[in-house]
Every structure is written in structure tokens, then in C-alpha cells.
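The figures that follow rest on heavy atoms only: side chains count, while hydrogens, waters and symmetry mates do not. All residue numbers in this chain count up from 1 along the given sequence.
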Amino acid sequence: MASRGVVGLFLLFALPVLCLELRRGIPDLDEEEEENEKRQKLVRKKQQEAQGEKASRYLENVLKPHQEMKLKKLEERFYQMTGETWKLSNGHKLGGDEDLLLDNASQTSFETANREAAKRRNLPKPVTKVSPPAEQPPQKKVLDLPEEPPEAAEEVVTVALRCPSGRVLRRRFLKSCSSQVLLDWMMKIGYHTSLYSLSTSFPRRPLEVEGSWTLEDVGITVDTVLNVEEKEQSN
């Protein structure tokens, strides 16, 4: 009985000490768990950032160019079905700045087009005799076009010339202007009236131009697209 009492007293005094030691060890475990949890959160955050950056690069370098190419092909197919492929070209900015453009190197390309058209017609080359004026295109002269009216002005139409090269030029005119101004414009951009003519787009028919007729008289009452076409060779 005495030994049991001694053991009981020993346990009674040792139990508080044991509990105290256990309490001292628990905070260390809690701190270690917190550190592990922080490290895991940091690793997950870095992984998420890496995945986001990877997805952003894929969107910018792969998906976006693919979508743009697909839209461009759909646009080309639509204009080919509607017969308006000229809309795929860059066109020409409104404002009458073609004078500056033609005074530069582009004038050479227009002159080349005229020479090639003349070669296809087998026009005689001047040797020693001077060809009669009727058989030779007249000398170049400076053609002055009327001042381009403001876009918001009344009785104004926008005329677009679709050239054989595929380029499209646009300019505004008053409906009361002489229809001869269209031929002057065509001459000014390098297409001589002896080799080229104007025709409407739809329905396709030659445009009849007279000096006494206005643009409204020849049917140009709304924005219009005209084709610059090479004249058919006469036998």
C-alpha cells in the first residue's frame, strides 16, 4: 500500500510538469506549420503568375494573329462575292493631294503604262519624219482641276476612279461641274484619253462626256465609282 501511495504522489507531482513541457512544444509545431503554409501559398502564387503569363503570350502570339487572319480571309471572300474587290486596296485619301503624289516618282509608272498600251496597239514609232499631229498624242499640258469643295457642302458628290493598276483615287466635285473635268482628272493622273476611257461600274457602260454637260447631266448625282479602261483596238 505504501508503494502505491508513493507512485501516486510521484504521478501527481510529475503530471503538471509534463503538461507544461507539452505546452512549450506545441507553439513550435504551430509556427512550423505556419511557415510551411506560407511557403506553399508563395509557390502557388508563383505558379499562377507563370500560368497567367504563359496564357497571355499564347493569346497575343497565336490566337490573336489567327483571328485577324481569319477575319481578313472572310472579308476578302465577301468582297469577291459582291464584286467589290477594289475595297481591299488602300485607296486614296480625300483632299486632292494627288497633285503632290503625281509630281513624284509615280508619274513614271503612269507614263510607262501609256507606252505599254501604245505598244500593244502597234503604233508607229517616229523615225526621221514627224508624225502628223492627229496620229500623235498632244503635248503634255498642265491641267487645272476645280478646287475641291468641302465634304459638308451642298450638291457635292464623291467620284472614285479605279485605275488598271488596282489603285483607287477619290475626289469631290460639285454636281454643276462640267463632265469634261472627269477626263481632265484621268489625264492628270497619267491615263491619256486617246488610249483610255471611263465607264460606270454597275451597270457597266461607257460614260458619255461632253463639255456642255454637267456631272448631273451624265447621271452622276450620288457618290460614284468609275473604271479607267483601255480602249478596244480598232481594226
Shortest non-hydrogen contact from Val225 toward Ser201: O-OG, 3.0 Å
Shortest non-hydrogen separation from Ser178 to Leu215 and the atoms involved: O-CD2, 4.2 Å
Heavy-atom pair with the smallest gap, counting every atom of Phe173 and Val181: CE2-CG2, 3.7 Å
Trace of the side chain to side chain contact (heavy atoms under 4.5 Å, CB included) decision for Asn227 with Leu198: CA-CA 6 Å; Asn227 296 321; Leu198 295 175; over 6 Å; no
Nearest-0.5 Å distance, CZ of residue Arg170 to OG1 of residue Thr158: 9.0 Å
Residue pair Arg171 / Val159, side-chain heavy-atom distance below 4.5 Å: no
Gap between atom OG of Ser212 and atom CG of Asp217 - 0.5 Å precision: 8.0 Å
Validation row: Thr193, Met187 side chains within 4.5 angstrom (heavy atoms): yes
More than 12 heavy atoms of other groups within 6.0 Å of Glu68 CD: yes
Sidechain-backbone polar pair: Glu155 side chain, Lys175 backbone, donor-acceptor under 3.5 Å: no
Closest contact, heavy atoms only, Leu169 versus Trp185: O-CH2, 3.7 Å
Worked check of side-chain hydrogen bond (donor to acceptor under 3.5 Å, both in side chains) between Ser197 and Glu229: CA-CA 5 Å; Ser197 61; Glu229 298 181 346; 5.3 Å; no
Exceeds 12 heavy-atom contacts within 6.0 angstrom, atom CD of Glu208: no
CZ on Arg77 to NZ on Lys73, rounded to 0.5 Å: 9.0 Å
Cationic N near anionic O, under 4.0 Å, Glu34 to Lys38: no
Lys231 to Tyr196 - nearest heavy-atom pair and separation: CE-O, 3.4 Å
Least distance between heavy atoms, Thr214 atom then Ser176 atom: CG2-O, 3.5 Å
